[in-house]
Amino acid sequence: MDTIGLRRLYVLFVIEVRTRRAHLLGVTAHPTAAWTTQAARNLVADLDQRTTECRFLIPDRDTTFTASFDAVLPAKASTP
């Protein structure tokens, strides 16, 4: 997404398909693996006990989704 000042921003969000609820995890001009990992930690903390309901996670192929990002997520949430 580009701003009015033509500055590029990256948005990380998760959509719960069953409830159609969207979770905005963060917006940054410079996404890193550490930033996405922290966003995943924040999501798990926000969802609390509902993380056991998660079955799949479908990330894109960006290099910011590393093994540390995957390690934060519940064991049931797997990448297909």
| Are Leu24 and Leu9 in one and the same hydrophobic cluster, where Ile, Leu, Val, Met, Phe, Trp and Tyr link if side-chain heavy atoms are under 4.5 Å apart? | yes
| field | Minimum heavy-atom distance between Phe69 and Thr37, given as atom pair plus value | value | N-OG1, 3.5 Å
| remark: For Val72 and Ala40 the tightest heavy-atom approach is CG1-C, 3.7 Å
| Approximate separation, where rounding is to 0.5 Å, of Phe65 CZ and Thr36 OG1 | 6.0 Å
| Does a side-chain heavy-atom distance below 4.5 Å link Leu43 with His23? | yes
| Partners meeting salt bridge (Lys or Arg N to Asp or Glu O under 4.0 Å) with Arg18 (sequence neighbours left out) | Glu53
| message | Can you tell me how far apart CG (Leu25) and CD (Gln38) are? Round to the nearest 0.5 Å. | response | 11.0 Å
| Any side-chain heavy-atom pair of Tyr10 and Thr64 under 4.5 Å | no
| remark: Residues pairing under side-chain hydrogen bond (donor to acceptor under 3.5 Å, both in side chains) where one sits in residues 25-34, two or more places apart or in two chains, turn out to be none
